[in-house]
Amino acid sequence: EQGSWFAFAERTAPGNRQALRSILAQLIVAGHETTSKFLFFALMTLGDPNKHDIVLKLRSEIDSYIDFKTTPEMRAQGKQYTPDLWDEDDFNELNYLNAFSLEVLRLYTPIPDMFFEVEKPIPFASGLEKGDLLAILPRITHKLEAAFGPNAAIFDPSRFLEVSLSDVIDKKNSRFIGFGFDQRKCIGKRFALQEEKIIVAKIVYGFDVEVTHIVDHRTDYQEIITMHLSKAAEEARIRLIPRTEHSLSEELTAPLYLP
């Protein structure tokens, strides 16, 4: 991905360091609101008592991966290979964490609507002419049974367990358009997803989540996604409880991560 950012800058304005600086600034800064919305809905999901089993699966995968990667030398020093030490390869090993993150983006897409002006006629359905406005609505398409099966309205990370991360976020004809589609896909999609997985992993590893109001995508999503996030947060207080104080880990059975 990084190579593509530099290549894009070079194609756009060869040798122009200002263009490169602008692209990198967009990559780092422009996605802060969408990433914040992802984290809001991720925390709502982690704190939902009805999704207790999902939290346990996430924690089982993380805990078992830590146990697998912790070396004898680290154990002798009283240390563990915790998420603070992980790199991108580590996070990509955790299939359920990847699936959970994609499912949050599917059901609670941070950008619910996308609009494009047609540049040349498209022989599609009744036809699109140059200058027409084309609307792409992930908030609707991501819930279509034709695309995601009869349980499309249900939060179920397992739907992404049998496909590779690259196929979901990079493939042109993917059903998943949480990062846009075709040539209009977000240039920072992998960076954003990595940020999101890092935070989710650290929270699940270290805390239990409690919320005062559970967000239902069928009733609350549209209102929250269009309002300022701080206003939404006022209505849904989040409490993080250290695992040493109150932990779900005692309920874990077989480890989810199996190398």
Side-chain angles (χ1 to χ4, degrees), residues 1-9 20 23-24 26-32 34-36 38-39 41-43 45-46 54-106 110 156-172 174-180 185-207 209 243 249 252 254-259:
E1 279 296 308
Q2 187 177 19
S4 67
W5 307 332
F6 284 89
F8 177 75
L20 176 59
I23 290 171
L24 292 177
Q26 178 185 0
L27 173 71
I28 296 171
V29 178
H32 77 280
T34 49
T35 301
S36 297
F38 166 90
L39 293 173
F41 288 112
L43 286 169
T45 302
L46 294 173
I54 292 174
V55 179
L56 292 180
K57 289 179 181 179
L58 274 171
R59 183 165 290 169
S60 175
E61 182 178 61
I62 292 169
D63 285 354
S64 51
Y65 186 76
I66 290 172
D67 184 64
F68 172 71
K69 294 288 287 188
T70 299
T71 64
E73 292 77 13
M74 295 177 70
R75 296 183 195 279
Q77 299 174 20
K79 298 179 180 179
Q80 289 183 303
Y81 193 69
T82 59
D84 292 331
L85 304 174
W86 295 359
D87 59 19
E88 184 178 5
D89 291 336
D90 290 308
F91 283 99
N92 288 339
E93 283 283 315
L94 302 183
N95 292 332
Y96 200 79
L97 176 62
N98 283 323
F100 173 85
S101 301
L102 291 172
E103 185 69 346
V104 173
L105 288 168
R106 181 190 74 87
D156 181 13
S158 66
R159 74 179 76 251
F160 290 112
L161 289 178
E162 302 301 323
V163 293
S164 71
L165 181 65
S166 180
D167 280 349
V168 176
I169 68 173
D170 294 328
K171 207 170 181 180
K172 284 187 176 182
S174 173
R175 301 166 298 165
F176 178 85
I177 54 175
F179 291 110
K185 283 192 174 181
C186 171
I187 61 171
K189 57 184 181 292
R190 288 189 175 274
F191 178 80
L193 194 58
Q194 185 74 354
E195 280 186 315
E196 293 157 1
K197 290 191 293 184
I198 288 172
I199 297 174
V200 169
K202 288 185 176 182
I203 289 175
V204 172
Y205 171 68
F207 302 92
V209 180
R243 286 178 66 178
S249 60
L252 297 178
L256 194 61
Y257 177 78
L258 296 173

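Values reported hereafter were calculated over all heavy atoms of this structure, with side chains retained and with hydrogens, waters and symmetry mates removed. Predicted model only: the values in this text are computed from it and were never measured.
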[atom1]/[X] to [atom2]/[Y] distance, rounded to the nearest 0.5 angstrom?
| X | Y | atom1 | atom2 | value |
| --- | --- | --- | --- | --- |
| F207 | R59 | CZ | CZ | 10.5 Å |
| Y205 | L58 | OH | CG | 15.0 Å |
| N92 | R190 | CG | CZ | 7.0 Å |
| M74 | L85 | CE | CG | 5.5 Å |
| T45 | I54 | OG1 | CD1 | 7.5 Å |
| T70 | Q80 | OG1 | CD | 5.0 Å |

Short side-chain to backbone donor-acceptor contact, [X] and [Y], under 3.5 Å:
| X | Y | result |
| --- | --- | --- |
| D67 | D63 | no |
| S101 | L97 | yes |
| E103 | F160 | no |
| R106 | F176 | no |

Might you point out which heavy atoms bring [X] and [Y] nearest each other, and give the distance in Å?
| X | Y | result |
| --- | --- | --- |
| K197 | N98 | NZ-OD1, 2.6 Å |
| Y81 | Y65 | CE2-CE2, 4.3 Å |
| V55 | L46 | CG2-O, 3.5 Å |
| P157 | A99 | O-CB, 3.2 Å |

Could you go step by step and tell me if L193 and E196 meet the side-chain contact (heavy atoms from CB on, under 4.5 Å) rule? CA-CA 5 Å; L193 194 58; E196 293 157 1; 3.6 Å; yes
Any side-chain heavy-atom pair of [X] and [Y] under 4.5 Å:
| X | Y | answer |
| --- | --- | --- |
| V200 | F91 | no |
| E61 | F100 | no |
| D90 | P83 | no |
| E195 | F38 | no |
| K202 | I198 | yes |

If you count every heavy atom of other residues, nucleotides or ligands that lies below 6.0 Å from Q77 atom CD, does the total exceed 12? yes
